[in-house]
Amino acid sequence: MIGQLIMTGIVAGSIYALVALAMSLTYKSSEVANFAQGEMAMFSTYVAFVMLATYQLPFWVAFGGSLLFAFLLGLFLHLAIIRRAKDPNVLNLLIITLGFQVFLYGLAGWKWGSEQRVLKIPVSQTETVEFAGLIISQLNLATILVAILLMISVYILLRFTKLGLAIKATQQNETAAKINGIPTRRIVAITFGISSVIGAVAGILMAPITTLDPNMMIEPLLKGFAAAVLGGFNSLAGVVCGAFILGIVESLFGFYISTEFKSIVAFLIIVIVLYFKPSGLFGTHYTRKV
Amino acid sequence: MSIALALKRVTKRFGGLIATDDISVEVKKGEIFSIIGPNGAGKSTLFNCISGLYKVSQGSVWLNGEEITGANPHAIARKGLSRTFQNLELFSKMTTMENLMLGRHLYMKTNFWNLPTMLWEKGPAAKDEIKHREKVEQIIDLLDLQSVRNRYTSQLPYGQQKIVELGRALAAEPSVLLLDEPAAGLNLEEKDELVFWINDIRRLFDITILVIEHNMGLVTSISDRIMALNFGRSIVTGKPEAVIKHPEVVKAYLG
């Protein structure tokens with residue numbers, strides 16, 4: 001039984017991990033926690049839905065189209081809105097992202113209504129796979145695999161490519177990055193695009209599990225954010241670990257103690273962890289030089 | 001002899017404050033050109049105007065005969081200008097090696113699509129990496145950084161951090177190099193080494209070097225020409241011996 005519960009936790013954790021990864025990437029390069037991340041993912045999922053249901057396109061075309069849309073949406077947020085802000089401080093940026101969130105939420109509600117829709121995907125939710133004595137639905141297995149594949153891709157991108165090096169350099173020292181020939185503003189915009197794509201994947205994985213409606217990403221976003229804080233916002237490996245820990249603890253808590261308070265446990269853990277480790281479990285604390 | 005860097009009537013204002021006022025200068029290819037002056041004379045502002053971190057208010061900047069006024073710092077870096085900073089701008093969570101490799105960033109070609117070619121020795125991505133590492137090794141040898149190559153730069157002594165920053169600037173293979181107070185914070189021994197290195201760098205890499213420095217001994221021993229600034233204005237430009245004896249320079253420094 002406990003194995004099965006952990007498996008459920010890992011499925012939830014995969015979604016949280018993607019959201020947390022997306023938030024942490026933009027946070028690292030622009031020092032702003034993008035609270036529009038969830039709605040951007042929701043909106044991109046709707047784009048996939050429209051391509052599937054209205055235009056009858058094959059799933060993979062809709063999937064690719066939705067990710068492309070997500071990338072452009074991320075670029076748009078940075079190029080057209082965040083970059084326009086004049087000498088913004090962190091609070092201003094935070095409020096800009098909240099504004100964008102409200103805008104997207106309203107737009108989705110107006111365009112598609114708040115009814116719950118079904119996103120059809122080519123893996124089944126009812127057929128199961130048995131593996132090491134555990135039963136897992138095809139959909140949940142796909143969720144875990146896609147999430148892990150995406151995390152590995154992000155790792156490879158950051159660790160080995162020219163773009164990844166530029167992202168890391170920009171995150172660490174913008175002036176030095178500029179002087180070494182890195183177009184830092186373009187790099188930050190691309191980071192927003194990549195984050196948005198990661199979020200959109202989370203949205204598309206999420207939609208069949210719950211349903212597709214404008215509220216679908218609100219809880220995953222909060223949990224993802226909580227996971228990022230738990231793991232330490234500035235460590236990408238940390239936020240992924242934080243997300244899996246959160247998913248598993250939630251699942252165990254829900255079964256053994258109380259389903260009603262399942263959602264609250266995430267925030268309880270954060271309070272306790274941050275009391276003892278203010279930078280999160282794996283985050284490194286650093287003070288800015290004046 | 002051709003001109004590597006030219007400033008034409010460069011003025012930079014911050015609101016009502018004029019940081020550099022109508023400065024014109026031409027630095028020849030292969031020259032070591034120093035800028036001296038008391039604190040707040042506008043030396044670092046001038047460097048920031050050249051490297052694109054500040055936009056000049058008036059006037060123009062020319063690099064190797066091409067106008068770079070108002071260009072972005074990364075674009076100017078690609079045209080062959082590299083620099084160090086007075087207060088160090090290193091990637092503190094990277095090692096010495098990684099910092100130097102970042103100096104090579106503008107020449108790198110590895111992306112997500114050709115990355116798998118890293119797996120065999122003759123693949124394009126592998127060749128690219130090997131080429132950059134060779135260049136960086138050359139600089140590590142020159143600047144004696146072997147012992148700290150895999151240490152995080154934030155853990156290094158200040159003097160070594162300055163050398164790492166110099167190395168990173170060199171890794172970009174610039175045609176013009178700006179050094180902002182390279183000797184500040186170095187001990188006597190390190191200062192002597194720095195003089196050797198600057199001369200070596202000019203000889204080996206065929207670079208034009210501009211230096212901001214307060215240490216008169218160092219300035220006079222390395223420079224071909226010196227420009228003295230005070231209150232944002234250029235007082236005098238010329239041979240080291242002539243400039244340091246100039247009455248206005250003496251007055252500016254001694255009060």
Side-chain angles (χ1 to χ4, degrees), chain A residues 28-29 67 71 83 87 149-191 193-194 197-198 232-238 279 282-290, chain B residues 47-48 50-53 71-85 87-94 98-119 125-126 128-129 132 152-154 164-165 168-169 171-174 177-178 180:
Chain A
K28 279 180 70 140
S29 54
L67 297 193
F71 186 75
R83 199 185 273 188
D87 299 328
L149 193 70
L150 195 60
M151 287 174 214
I152 293 173
S153 309
V154 170
Y155 173 75
I156 289 175
L157 177 80
L158 288 177
R159 175 73 181 76
F160 296 111
T161 68
K162 180 176 178 171
L163 176 64
L165 192 62
I167 291 175
K168 276 196 292 186
T170 308
Q171 288 170 344
Q172 281 194 25
N173 187 335
E174 212 179 322
T175 310
K178 276 183 195 164
I179 234 63
N180 283 294
I182 295 169
T184 50
R185 299 207 307 173
R186 202 177 309 160
I187 295 295
V188 174
I190 292 174
T191 315
I194 294 173
V197 169
I198 298 172
F233 232 125
N234 53 22
S235 153
L236 292 180
S279 327
F282 307 97
T284 45
H285 191 69
Y286 65 98
T287 43
R288 181 177 297 278
K289 268 192 286 182
V290 182
Chain B
F47 268 20
N48 285 342
I50 297 171
S51 54
L53 290 173
N72 285 321
H74 64 87
I76 295 175
R78 279 162 200 276
K79 291 185 195 302
L81 186 113
S82 192
R83 69 169 291 182
T84 65
F85 291 83
N87 297 319
L88 290 174
E89 296 286 355
L90 282 170
F91 301 104
S92 54
K93 282 184 276 176
M94 295 188 192
E98 286 169 325
N99 266 278
L100 296 186
M101 283 300 275
L102 254 159
R104 305 285 308 159
H105 185 270
L106 59 165
Y107 301 109
M108 287 183 186
K109 292 195 186 75
T110 308
N111 58 34
F112 212 75
W113 317 119
N114 71 16
L115 187 64
T117 64
M118 191 71 96
L119 296 176
D128 196 48
E129 179 81 8
H132 296 313
Y152 287 101
T153 51
S154 53
V164 173
E165 206 190 19
R168 190 183 63 193
E173 295 183 56
L177 176 63
L178 312 182
D180 196 346

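These numbers come from a predicted model, not from an experiment.
Interface check for chain B: of the options A:Ala176, A:Gly164, A:Ala177, the most heavy-atom pairs under 4.5 Å are formed by A:Ala176. Contacts with chain B were tallied for A:Leu157, A:Ile179, A:Ile156; A:Ile179 has the most, counting heavy-atom pairs under 4.5 Å. Of the residues considered (B:Leu53, B:Asn72, B:Leu81), B:Leu53 shows the highest number of contacts with chain A, using heavy-atom pairs under 4.5 Å.
Considering CG of A:Asn234 and NZ of B:Lys93, their distance stands at 5.5 Å, rounded to 0.5 Å. The structure places CD of A:Gln172 at 8.0 Å from OG1 of B:Thr153, a figure rounded to the nearest 0.5 Å.
By the neighbour-count criterion of 12 heavy atoms within 6.0 Å, atom NZ of B:Lys79 is sparsely surrounded, having that number or fewer from other residues, nucleotides or ligands. Around atom OH of B:Tyr152, no more than 12 heavy atoms belonging to other residues, nucleotides or ligands sit under 6.0 Å away.
Residue B:Ile76 does not touch chain A at all, counting heavy-atom pairs closer than 4.5 Å. For B:Leu102, the parts sitting under 4.5 Å from any heavy atom of chain A are the backbone and the side chain alike.
For the pair A:Asn173 (side chain) and B:Leu90 (backbone), a donor-acceptor distance under 3.5 Å is present.
Nearest heavy atom pair, residue A:Ala169 against residue B:Phe91, reads O-CE2, 3.3 Å. A pairwise comparison of heavy atoms in A:Lys178 and B:Ala77 identifies O-CB, 4.3 Å as the closest pair. Between A:Asn180 and B:His105 the shortest heavy-atom distance is O-CB, 4.3 Å.
Every side chain to side chain contact (heavy atoms under 4.5 Å, CB included) that B:Leu106 has, sequence neighbours left out, goes to B:Arg78, B:Ala172.
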